[in-house]
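Accompanying notes for the structure given below.
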Amino acid sequence: MAQPRYREFKQLHLPDIDQEILAVWQAEDTFKQSIEQRDPEHSYVFYEGPPSANGKPGIHHVMARTVKDLFCRYNTLKGYRVERKGGWDTHGLPVELQVEKELGITKEDIGKSISVDEYNSACRSTVLRYKDLWDDITRKMGYWVDLDNPYITFDNNYIESCWHLLRTLYDKRTNAGDSYLYKGFTIQPFSPAAGTGLSSHELNLPGCYQEVTDISVIAMFKVKQNEASSFLFDNDREDVRILAWTTTPWTLPSNVALTVGAKINYIKVRTVSPYTGNPVSLLLAQDRLSAYFDPAGEGQSLDTYTPADKILPYSVDQTIVTGAQLDGLFYHQLMPIVTSPDLERQGFRVITGDFVTTEDGTGVVHTAPYFGADDFRACVANDIPFIGIPDEHGVIQPLVDRQGKFVPEMGAFAGMYVKQEYYPDDVRNQKEFRPTDLLISLALKEEDKAFKIEKYKHNYPHCWRTDKPVLYYPLDSWFIRASAAKERMAELNRTINWKPAHTGTGRFGVWLENLQDWNLSRTRYWGIPLPIWRTKDGDLEKCIGSLAELQTEIDMANKVLKKDQLLPKDLHRPYIDEVVLVSHDGRPMTRELDLIDVWFDSGSMPYAQWHYPFENENKFQQNFPADFIAEGVDQTRGWFYTLHAIATMCFDQVAYKNVVSNGLVLDREGNKMSKSKGNVVDPFITISTYGADATRWYMMANADPWENLKFDEGGLLEVRNKYFGTLFNTYNFFALYANLDGFVMSDKDQVPLTDRPELDRWILSKLYSLVHDVRSHYDEYEPTKALRALENFVDRNLSNWFVRLARRRFWRGEMNEDKLSAYQTLFECLEVVAQLSAPAAPFFSDWLYRNLMAGREQADNNMPKSIHLTDLIQEDANRIDLDLETRMEYAQHICSLALSIRKREKLRVRLPLQKILLPVLDSAFIRQVDGAKDLILSEINVKEIEYITDADGLLIKQAKANFKTLGKRLGKNMKAAAEQIATFSNDQINSLESKGRVSISIDGEQYDITSEDLVITTEDLPGWKTASEEGLTVALDVNLTEELLAEGIARDLVNRIQNQRKEQNFEVTDRIQITIQDQRDIRAAVESFGSHIQQETLADKLTLVVSLSNGVEVELSDELTAQIRVERI
RNA sequence: AGUCUCGUAGCUCAGUUGGUUAGAGCGCUACACUGAUAAUGUAGAGGUCGGCAGUUCAAAUCUGCCCGAGACUACCA
């Protein structure tokens, strides 16, 4: 035997392959080679969305990174240089929160018990805490990304590039002359728990809007009786009040106005106050009456009501007043805790607004300007003063501070958190704990100002990191005027290839159409400082776009202000805050204390990762825009947006040409994975159990990556067994015999394609069809389709047809051309499949490739060491023979039908049969089946094929209507025609076939039917055992002769003897001698087929004896058992 | 509340421009096959294609409404 070239294995164990290949990649520096061997001018640009390394990697990261890795590897194979610069997202709230938790401090402590300096260095040391874990999962999952030279967002160079972009925006003007970077005062979502405002896209992150149950109250606002309001009053003593609903009772002390709809009709209801029974007249929208008053109470006496009664007595005043008539009426302040002379004069007034509806509530909106964007605008428009406490500059501050607590001036409510979620859990869990909303509602009830208090379920936005509700709160902020660029963004977006498309047109496209300005400001400490300096009164400002500029400005300031400031070594707070610049008129300028939104950091990575424009101009040009990016669909309004926005506004270009947004990874039941539910999948365990490739393959092949994936271990098992197991077995089979035969793959000694057997040419044709399919699927960013095509090929074509039918060619006899062809064909299939699988399954593919390479001729062996260094196989239409593929389909079909007849007739496959009969309707069929004749005969163990044609007169034909062609012509007569056609006799069909047409009549209409309009099949051959499917019929000759029976027994004997060899652990090449107990049937078989038996089983001697003592009893068929002894010689 | 995506066998998914009897894999049952076997073949059970209308000769496919899931949007008082 020749020296074994190909490694053989007992069992497939993917995690071992991972280990082996990882070590090889490391030793050979394969990743680096795969990049450097390609031309920098021929690049495929990929951007890595930076993960935050202060959290541990999860299984969903494996999903997202598999998508990234797959297309990068694929394009590497295609010959592109695919650099993948890694990156780390290091700024932002999550880092701050973690530091605060670990140090046991809150935002209030910063600058007091801990300096900003200390705080920030704690952040800096935390941000890469889990970097090792991330590097580890990156390595283990086979994600190739350059982690040695990553971009890091806290780096001074990175920050400088961001400043440059901000300066660009600052200088850019809209047609109206407005800057793209501006400061404004607005009511914004604010997270007291995080101590910062939130941008609109932070509020649009998944899970922000949560259904919560709040306490809602309908308050009764007492109308001041005066000349203007007199039309509402029946008499001087009437108590007229306006009903207004709120789900945020904590804003009621800040109420300054009631907003009504000018065109909405309001009515007055005479009734009683539900909690006290005092008579009262209530104003509310006519449409809302039925929501609060049960008709059963109409006209009932008010005097007999007690608060225990369920039904309120009432009567409706017939006068209808419009909102416009109510406009300008004054009312008594509902909760007179804080007020002012201005307010007493101008506030507590009814105003009108177009946002009022009568869909819920009372048609009257309680208005508190500091806590609602609409409220704010409405108050400004109507000159309603703000309510609050003036600060040292005389600016009115809201009654709720930045921690979410009532200010000290709030009397009994001072110091209370307005949302119960802001209290620490131990406080909330106390028995006597009452949320502030409830306390306020109860106070109103006490004072007979509450009409109704009830729980109300609604969606309310929550902070994406602290998971606590946000407040709408007045804040000064810097904005990017994104709304000015929204048309251009939409336009450029249409040139981007989105996978799936609807994310681009729908979710992203619609979002762009309604784009709001980007709130850039963050009131935090650890992040990129806003590079804007202002004079104290704010009328002069400078935006710094580079360190050189900052240095110049510092020098100037030093000169004018007599200082000796240096350029800070670290651009973060607090150092940058200490820099004082000078205005042209000699006044000191200090930095605006805001940081910028971290999403700006990540959206700047195309430029900042290269420190553009200060360095690497060329590198940047080569790498912008990206050909491809991929992240989770949750990044649509995150990274996908910020990349697009910055590229559009600063460069008037797209930032990426193709984008794949993958779905969520859910647990097996379809629930979101979360630590609290305990259903989180640990990617390290998954990969070490099933192997990285099975994990990756499962995630890509199970469903399109943009669908949500219900992660199920059963699926991993299936992938491992089905795809990798089958491929492994196929390789192992090849290796076993290739080693025995000393087969060496050589490009020189290839059997010409035309000399190869039908089966070989067929699988090669299938292989090249596969190459075409897989390449186009990958090119279209359809990984699932590509992988499924591979699965189908390996399982159905390669393993279960080619190998099964070709098996004997590998083990029989000496090397000859037929055998060589079989080896070369199988080798080529394995090699190509390995390559096409490599983007998705990098470990196994490389392992397989390397095992195969061991058997390549030395002279030919200038092949790359790793499959990831090879060039992707080219499509070759010349190697595809569709006619041959069709032929084989017939063969497979015929075999399947023949086997099903055997099964039905209980004729085991080892029992040879004389012939099958195939009814034939066209001569091409005979030619095609004949091409695969030998395969069919051996597969179903039949001696010959007989074709039955028309001429034999045996065919019974059946016609069916071809709905597709006839339907259009016949319209509603289709059904009747189909019935008529189904009854066509043999003669009618034959006459149609000879004449080419026949006419039928339906409802007096004549229709010409051509042979195209019919599907003709043969169903039955009288007197034969038949099976048919899809128009193909097979009949089996089930007559048995002595000869056939004997051959069947001979085959059974071979099988039983082979089993014995296996059971006794003989080597495949061991010679044996066989002794069988003599019986009539067996003797017949041995007499006719003895040499065949010996040949098959490598037996030098075959003896029949009368009695056999130490043999094994085997069952040959239901009626026949025999004693057999198998011995090694 | 609105927008988008989705709903096909117990599970995971295919299903081309509407066209004859809706498929595959896993799982289940039975029987085979196996000198590559964590495989494979044959057969069977398992479907009102979420529901109801409509368009059409013909609907899993097109339209409308409803139900359910998910994502997104929203100042919702």
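For clarity, every value in this text was computed on a predicted model and none was experimentally measured.
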Under-3.5 Å N/O pairs linking protein and nucleotides 9-12 of chain B:
from, atom 1, to, atom 2, distance (Å)
rU12(B), OP1, Lys710(A), NZ, 3.0
rU12(B), O3', Asn702(A), ND2, 3.4
rU12(B), O2', Asn702(A), OD1, 2.2
rU12(B), O2', Asn702(A), ND2, 3.2

Counting just side-chain N and O atoms, does Tyr737(A) come under 4.0 Å of either OP1 or OP2 of rA36(B)?
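Indeed, a polar side-chain atom of Tyr737(A) lies that close.
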
Are any of Thr246(A)'s side-chain N or O atoms less than 4.0 Å away from OP1 or OP2 of rA77(B)?
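The answer is no; no side-chain N or O of Thr246(A) sits under 4.0 Å from OP1 or OP2.
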
Distance between C1' atoms of rC6(B) and rA43(B) (Å, rounded):
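One C1' to the other, the span is 35 Å.
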
When the P atoms of rC76(B) and rG54(B) are considered, how many whole Å apart are they?
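Straight-line distance between the two P atoms is 41 Å.
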
is_close_aromatic([X], [Y]), centroid dist under 6.0 Å:
X: Phe508(A); Y: Phe640(A); value: no
X: Tyr292(A); Y: Trp245(A); value: no
X: Trp697(A); Y: Phe844(A); value: no

Among [options], find the nucleotide with the atom closest to the side chain of [X].
X: Thr726(A); options: rC76(B), rA39(B), rA77(B); result: rA39(B)
X: Asp704(A); options: rC75(B), rA14(B), rA77(B); result: rA14(B)
X: Gln11(A); options: rA77(B), rU40(B), rA38(B); result: rA38(B)

Could one point to a donor on the side chain of Thr248(A) or the base of rA77(B) with an acceptor on the other under 3.5 Å away?
no

Is a donor-acceptor pair below 3.5 Å formed from side chain Arg807(A) to base rA36(B), judging by atom type as modelled?
yes

Using 30° and 60° as the class limits, which term best fits the ring planes of Tyr737(A) and Phe810(A): parallel, tilted or perpendicular?
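Ring orientation, 0 to 90° scale: tilted.
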
Parallel, tilted or perpendicular, judged at 30° and 60°: which one describes the rings of Phe9(A) and Tyr731(A)?
tilted

Round to a whole Å and report the spacing from [atom1] of [X] to [atom2] of [N].
X: Arg288(A); N: rA77(B); atom1: CZ; atom2: P; value: 13 Å
X: Leu664(A); N: rU5(B); atom1: CG; atom2: C1'; value: 13 Å
X: Leu512(A); N: rU3(B); atom1: CG; atom2: C1'; value: 15 Å

List every contact pair, protein side and nucleotides 23-25 of chain B side both N or O, where the distance is under 3.5 Å.
from, atom 1, to, atom 2, distance (Å)
rG25(B), O3', Lys722(A), NZ, 3.2
rG25(B), O2', Glu718(A), OE2, 2.8

Pair Glu782(A) + Lys499(A): basic N to acidic O under 4.0 Å:
yes

